[in-house]
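Read the structure below first, then the notes.
Values in this document were obtained by computation on a predicted structure and should not be read as measured data. In what follows, chains carry the letters A, B, and so on, assigned in the order in which the sequence lines appear, proteins first and then strands, with residues in each chain numbered from 1. Reckoned from all heavy atoms, side chains included, excluding hydrogens, waters and symmetry mates.
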Amino acid sequence: MSDYDPQVIEPKWQERWLADGTYEIDNDDPRPPFYVLCMYPYPSGAAHMGHVRNYTFGDLITRYRTMGGYGVLSPMGFDSFGLPAENAAIKTGEHPRTFTDARIEELRSSIRRIGAVYDWRREVHSHDPEYIRWTQWIFLKFLDAGLAYRKEAPVNWCPGCQTVLANEQVLADGTCERSGDVVEKRDLEQWFFRTTVYADQLLDDLDPLEWPERVKVMQRNWIGRSEGAEFDMNVVDADGRAFGGDPDLVLRVFTTRPDTSFGMTYTVVAPEHPLVERITSPERRGEVDAFVAMVRSESEVERQSTDAPLDKRGVFTGSYALNPFTNEPVPVYLADYVLMGYGTGAVMAVPGEDQRDWDFAAAHGLPIIETVQRPAGWTGEAYTDDGPHVNSGFLDGMTKDIAIAAAIDWLEVQGHGERKVNYRLRDWLLSRQRFWGCPIPVVYCESCGILPVPEADLPVLAPDEVEFRPTGESPLREHEGFLHTTCPSCGGPARRETDTMDTFVDSSWYFLRFCDPANDELPFGIDAVSRWMPVDQYIGGVEHAILHLMYARFFTKALSDLGAVPADLREPFSRLFTQGMIRLGGAKMSKSRGNLVTPEHYIESVGADSLRLFHLFVGPPQDDVDWDDKGIEGCHRFLARLWRMARGEVGTIVDREPDAADGAAEAAAHRLVKKVTGDFERWSYNTAVAACMENLNELYRYAQSEAGARRGSLDVAVDFLLLLTAPMVPHLSAELWEQRHGTHVHEQSWPVADEAMLSAETVTMVIQVSGKVRDRVEVAPDISEDDAVALAMASDAVRSHLGDGEARRVVARPPKLVNVVP
RNA sequence: GCCCGGGUGGCGGAAUCGGCAGACGCGGCGGACUCAAAAUCCGCAGUCCUUCGGGGCGUGAGGGUUCAAGUCCCUCCCCGGGCACCA
């Protein structure tokens, strides 16, 4: 007799899976393909609980689908570019590569210690020269297709990170999502990917994806599609004459409510609008200049979080815009709340039907016209709901949708403007002024301009002999050897791009490289991609709900259109699961909070299987988890009980002809197979574990009963239990299965319940009076409605609750329930 | 403000299609084993009342639909998340 000792069996099986290549998968594997992927981690050192949780789910699916007969692709790699390595280099002088490689070693081995299995032959690192080659290759394809471009733009500059950030990396309060510093606006030449050309597809293609609804909602909000119209207004003076004598001076506005145009009483322009100079009258110049200067001096945070009164947030320009619908001039204002980066940077204001316009109009004493009939009893200010239009010329009497269409038609016929869709989504700013990233493979030639590095010269690698100093400048900028090159076109002197790519670029295609990781002619072969993609199950944290997923979707669509992946591959991840966070004492676990519990601690005490089981058992996988030491002990207790049961150390085991109890034990085993399989399919791991615990409790009672357990029946039950737990607690199941059968549990087929064994001899039928349970009887599962009613009426409990009264009505749902209504 | 989730014992949670509320685990209590403890095994347990047969109440609050509601509908409260001058 030997006790359950995870410290012995876990290393044994981890080595076995690796040595046997159990989970290595070839691209010509005959089994039907299934691609399961956990978001590849940034290598920050030993695995933390979030990793364990993620990889426990992924590993369960890998093993479950393998036992189900699939050829499962389950790869792992490392998102190995990023700021921490560079910051460490500045601090210690250690090269980011050696720093990163050491952390990859650490993380890889701690992932192995939780028993998660992968085809390690496919491992990729974003900082590997081969990976860099193909990231750059893709960049050049995008550049060639016009999907990558360079422009000067007001960008988000983080003084803490000393780099620009994508819009997505700036939080709503105007701070950097990494460092928390207040982000500044700077005008710099930067590289962009043209994500906006896919805005509609990124939005529409979300619909059929089996993703958590809230992730889809976040993506839709981020894309922020809004339909409306754009139209031009002539800028005039108060009398309607061309402003400043310039008849070509027009202001273009975007609106989602062209139906309310008759109610426009003023118009508002962003302070950064290029026409500000020309639409300002000499008398208003002083105030306008002061206002623009004030807005400029404000940081993005101040501007966004201002609670200044509205009369201070806008200024009259002295010019007017001619409302094409009424031919009436309306005053043109500047206001800080109008954003230059959205639409045309100018809006028409309709205070009657827009609350913000109402507030601004009230503060500036501007007129308010109602163009939508208010319902009786309406007491509010701006009215944004539907209703018949009034004071609106040819739109009078129409409801909103009809009026919008009519207004746009009119604009188009008159030549003032047209239907227009706007998006909140912006192009992806991908250049970073950092060293530890994938270099952008272009050169600048005095005479030829911006040129791509020829494909044959890829990869462009950063030099090793660089000095890291806390100047905030990338060491590449002053590295003469790297900087100077020759122009691939004219052969003259040229300068290399020193910016590197956002690390989200690397993670936007790693799932494709996993399909064909050794390909040295292309980033991936189209056949390999066609075989595995899209990913059947993607698993990761909800913190990537917007950025990573949006970028990966953009890459997939772009690569599909460029012919690098199959034309019908439009989405990378058909099913997505986002796991909950781990909290300790109500707060998110993190190094900075100092409330970390480390997986290593538990692996060394109760073992990886107990740790995995706890993650599965503690609650629904999508919910946040409160860490609980006691809970993990309960899981360990269950495994120790299973160990003793499977080794025949519980109760008495005899050989005999099967009796009723033996049949019941076997029937329970078949019901368990059905239950656990169903629960796995619906991501209900906590109930699957509970069902296994319940089953083991029954087996204990069975084996410890006076009559003991029949060997054959107990074997059936225990073997099923080991097969069912094999994806959850793989070391323990593998060890016990080997002890009992000498074979590998993970090479067995997933068990199938015998339908004939599922129907019990009798079931409990509930008897209610007025919906309250008053009695229970054991009945045959196929009892007739008449028999069920007769049984109910014969019940003493029913008769006493009925008293002298008659049953007015009887609802029978045999064999589950009969409800007698007096 | 808008859009999603969610609110069930002392705690984590279960109840998959409107049909036994509280599975399973933790913690608690009792018993067995033991000189004793740990470990292990067995059992009890929503809450209140009880003549010990049982009965009342109970899934954030209030209303409704139904023979029957944690589950469906309406109003509201609270918690978590996302978005938020996007015209």
Side-chain angles (χ1 to χ4, degrees), chain A residues 3 172-173 212-222 224-226 228 253-257 260 267-268 270 303-306 310 313 335-339 341-350 354-357 359-360 422-425 542 545-546 581 613-614 617-620 622-635 637-638 640-641 644 650-651 675 678-679 681-682 684 686-697 700-701 704 764-776 797 800-801 807-813 816-822:
Chain A
D3 285 342
D173 66 354
E213 198 51 40
R214 63 181 181 134
V215 175
K216 291 200 210 176
V217 167
M218 282 189 240
Q219 295 238 331
R220 287 189 192 109
N221 289 345
W222 194 260
R225 178 188 158 102
S226 59
V253 293
F254 171 71
T255 178
T256 56
R257 290 296 301 277
T260 61
T267 180
V268 194
R303 183 165 168 187
Q304 282 187 16
S305 62
T306 181
L310 276 168
R313 297 183 56 191
D336 64 354
Y337 67 78
V338 175
L339 307 175
Y342 183 80
T344 60
V347 299
M348 70 175 198
V350 185
D354 182 285
Q355 188 59 43
R356 192 188 44 219
D357 291 348
D359 294 337
F360 190 87
N422 259 315
Y423 301 91
R424 218 187 73 115
L425 182 76
V542 75
I546 298 175
M581 275 186 335
L613 193 66
F614 175 74
F617 179 61
V618 69
Q622 66 277 14
D623 288 4
D624 288 352
V625 176
D626 278 306
W627 189 257
D628 175 19
D629 272 335
K630 294 292 183 188
I632 194 169
E633 281 167 33
C635 291
R637 215 168 291 163
F638 164 72
R641 276 162 69 82
R644 290 192 290 273
V650 178
K675 167 74 178 162
D679 283 353
E681 292 292 337
R682 68 186 179 108
S684 184
N686 52 331
T687 56
V689 174
C692 291
M693 288 175 168
E694 199 170 4
N695 182 258
L696 184 63
N697 291 344
Y700 263 69
R701 280 191 286 275
Q704 292 177 340
T764 305
M765 186 173 78
V766 169
I767 301 174
Q768 298 177 328
V769 177
S770 295
K772 290 197 159 111
V773 180
R774 297 300 179 185
D775 204 359
R776 295 180 174 87
S800 73
H801 278 94
R808 197 162 47 85
R809 184 171 172 191
V810 181
V811 180
R813 294 285 180 275
K816 299 198 76 165
L817 159 145
V818 176
N819 189 10
V820 181
V821 187

Between [options], which nucleotide gets closest to the side-chain atoms of [X]?
X: A/M693; options: B/A84, B/G25, B/A23; answer: B/G25
X: A/R682; options: B/G19, B/U16, B/A23; answer: B/U16
X: A/T687; options: B/G19, B/A87, B/A15; answer: B/A15
X: A/D679; options: B/U16, B/A84, B/A14; answer: B/U16
X: A/R644; options: B/C67, B/G25, B/U40; answer: B/U40
X: A/I546; options: B/C83, B/C20, B/U16; answer: B/C83
X: A/K675; options: B/U16, B/C67, B/G13; answer: B/U16
X: A/R776; options: B/C20, B/A68, B/C86; answer: B/C20
X: A/Q704; options: B/C67, B/C42, B/G82; answer: B/C42
X: A/N221; options: B/C20, B/A87, B/C83; answer: B/C83

**Report entry** Ring centre gap for A/F360 and A/Y337 strictly below 6.0 Å
**Finding:**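 Yes.
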At 4.0 Å (heavy atoms only), tell me whether [X] reaches a base, stays on the sugar-phosphate, or touches nothing.
X: A/Y423; result: nothing
X: A/R356; result: base
X: A/K216; result: nothing
X: A/S684; result: nothing
X: A/V810; result: nothing
X: A/N819; result: base

Query - Contact letters for nucleotides 52-60 of chain B, in which S counts primed atoms plus P, OP1 and OP2 and B counts the base, heavy atoms under 4.0 Å - result: ---SSS---
Query raised in the report: Does A/S226 make a side-chain N or O approach to OP1 or OP2 of B/A87 shorter than 4.0 Å?
Result: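 Yes, because at least one side-chain N or O of A/S226 sits under 4.0 Å from OP1 or OP2 of B/A87.
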Query raised in the report: Taking it one step at a time, do A/M348 and A/T260 satisfy side-chain contact (heavy atoms from CB on, under 4.5 Å)?
Result: CA-CA 10 Å; A/M348 70 175 198; A/T260 61; 3.9 Å; yes
Query raised in the report: Under 3.5 Å, is there a donor-acceptor pair between the A/N819 and A/R813 side chains?
Result: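 Absent: no donor and acceptor within the cut-off.
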Syn or anti for [N], with syn set at within 90° of 0?
N: B/C17; result: syn
N: B/G9; result: syn
N: B/G53; result: syn

Could you tell me the separation between the [atom1] atom of [X] and the [atom2] atom of [N], rounded to a whole number of Å?
X: A/Y342; N: B/C83; atom1: OH; atom2: C1'; value: 14 Å
X: A/D626; N: B/C11; atom1: CG; atom2: C1'; value: 10 Å
X: A/R701; N: B/C42; atom1: CZ; atom2: P; value: 8 Å
X: A/N697; N: B/U40; atom1: CG; atom2: P; value: 13 Å

Query raised in the report: If you round to the nearest 0.5 Å, how far is CD of A/Q768 from CG of A/D775?
Result: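 Those atoms lie 11.5 Å apart.
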**Report entry** Under 3.5 Å on both distances, the Watson-Crick or G-U partner of B/U71
**Finding:**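 In the structure as shown, B/U71 has no Watson-Crick or wobble partner.
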Any protein N or O atoms within reach of nucleotides 26-34 of chain B? Criterion: under 3.5 Å, listing atom names and distances.
from	atom 1	to	atom 2	distance (Å)
B/C26	OP1	A/R637	NH1	2.7

